[in-house]
Amino acid sequence: MDDTTSDLSGQRERPRALQRRTVLASGAVFLGVSAVGYRVLTAGPATLDLDLVPIDVESALPVPPLLEDLGDGISLRAAESNTSFIDGVASRTWGFNQPFLGPTIRLRRGERVPVTVTNELDEAITSHWHGLHVPGAVDGGPFNLIQPGESWDLTLDIVQQASTNWYHSHVHGNTGRQVYLGLAGMLLVDDDDADAMQLPGDYGIDDIPLILQDRTFLEDGSLLEINGRGVFLGEIMLVNGALRPVVDLQAKRNRFRVLNAANARIFNLVMGDGSPMVKIASEGGLLNAPVAIDSLRLSPGERAEIVIDLTEYAPGDEVVLRSTNVNGDGAMEDEFDVVRIRIIEQTSDNPPLPTVMNDVPDATELLNSVTVAATRDFALRGGAINGDAFDHDVINHVTERGTWEVWNITGGAHPFHVHGCSFLLLPPNGGEVAPEDAGWRDTVPVGNGVQLLMRFDHEAPVEATYMYHCHLMGHEDAGMMGQFAVVEDPGTVELALASHQTSSNAAAGEPVDADVWYCDLTAQEI
Ligand code: C2O
Ligand code: CU
Ligand code: CU
């Protein structure tokens, strides 16, 4: 097929992303973080006119290989390589065990998994298990640095319910650039309860991972490299690392595990023919019941599982999953085809969706039945939280392990993410939480403000804290992030911290190991 805009659904329009333009500095006005706007490209290198490039529009959606613990644990190896996104043109990319992105790690509740992450790149990386409830020491945040040529050995105890998570590098000041180059992958947790639901679960067949990212290519067809700062918005979508993918599916219910792994773009997914989707899971696991939705809006860091019922389609039919205009968020009006779905055959193997899938507590009832040990306020603004930019040397608060906390977040369209737990949304004043938002979460758009109920069951000591941050990677890299410790007795830690701050002022550098407390915000500025 040579007409990349051929009308498949009867009403498709040419995606704006395919038109030639220079890279916009739109990020500089978006969300008001002009100080870290994407200035380097305001002069605008010429970017690729994708209409002029013979892209194989029939390219099959790549499905990342599964990586499971078959007895030897899990090994990831980060290295540089080349990827040809556009026929014959090599781009420098990074990946875990593959040239771009990484395998889909699949683990099971109750498993204890030895993991090794080896860094063959020439700069420090980390491997953060976004969504996993694991102690700070193995969380993979900015303090779990893996230096070039070194390996990080750890053990993951999988104690949480079935869920769609992901992993990515998380070096402060470099997260956006490293993830852009490819250091990210999906991480699935399975369990017996979810298995019993008989949801579509044949990986790559009717259970399809969709890693959504936007990228920009230069005139020569190579990937534009970015420094990760500001709000990067790419001109075309990559799904599992591929441009314009097609997936062949049976005429039945199919499940998509959708991850927004973009640096900054919000996606709003709809079926091209307007047919409904069913949301079955949020970041932390299954919803209590399937919820019919017209569209699925995902900010960076968020995941959702949806089921698309293709029963009424016939072999040969095509339908497109699209990302439409995200109203109200400047510069996000671009529309993209995400994946073309081609129906290949009928099947009688199509169990109905269960009506009850989980027992997520009602947040208000839970709030009324527990003791809230701390209430905290976080205002996301101007490359900082509560006015403070991330500082490796400053622990922003200390939480008591095993207690409930209420966090009030304000600041607008920032996706707020917390490490080490899943949380529930509390209803806004006089309002309700929509059923599709009432599952366990770990990343949520703040909008007009959100109130979160959470508990931390694992330790994150002073030397291995958890992070909370905006998941627009340019924002987190600019400092819209904080760190907190989770311990048995916050009182002693707070005292120790106070004296630590004093002594580190007195004897500069003494308690700080430069290898561990790595932070270089200037190195990547162009
Ligand atoms: Cu996706 Cu702090 O993480
Ligand atoms: Cu995380
Ligand atoms: Cu932000």
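The first residue of the sequence shown is numbered 1, and numbering continues consecutively from there. Read the numbers this way: they start at 1 and go in the same order the structure lists the ligands and their atoms.
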In His471, what N, O or S atom is nearest to atom 1 (Cu) of ligand 1, if we give its atom name?
NE2
If I consider every N, O or S atom in His130, which one ends up closest to atom 1 (Cu) of ligand 1? I only need its name.
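For His130, the N, O or S atom at the smallest distance from atom 1 (Cu) of ligand 1 is ND1.
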Is it true that Trp407 and His397 have ring centroids separated by less than 6.0 Å?
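When the ring centroids of Trp407 and His397 are compared, they turn out to be within the sub-6.0 Å range.
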State yes or no: are the ring centers of His469 and His475 separated by less than 6.0 Å?
no
Checking the side chain of Asp153 only, and the main-chain atoms of Pro114 only, is there a donor and an acceptor separated by less than 3.5 Å?
no
Heteroatom of His170 nearest to atom 2 (Cu) of ligand 1 (N, O or S, atom name)
NE2
Report yes or no: do Thr399 and Glu405 form a side-chain donor-acceptor pair below 3.5 Å?
yes
Vertex atom 2 (Cu) of ligand 1, arms to His419 NE2 and His469 NE2, rounded to 10°:
120°
Rounded to the nearest 0.5 Å, how far does CG of Leu287 lie from CG of Asn358?
8.0 Å
From Asp193 CG over to Asp359 CG, what is the distance, rounded to the nearest 0.5 angstrom?
8.0 Å
Presence of N, O or S from His128 under 2.8 Å of atom 1 (Cu) of ligand 1
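Here the distance criterion (N, O or S atom, under 2.8 Å) is not met by His128, so no.
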May I ask you to check whether His417 brings an N, O or S atom to under 2.8 Å from atom 1 (Cu) of ligand 1?
no
Suppose we only allow N, O or S atoms; which atom of His128 ends up nearest to the Cu ion (ligand 2)?
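When I compare the N, O and S atoms of His128, NE2 is nearest to the Cu ion (ligand 2).
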Within His170, is some N, O or S atom less than 2.8 Å away from the Cu ion (ligand 2)?
no
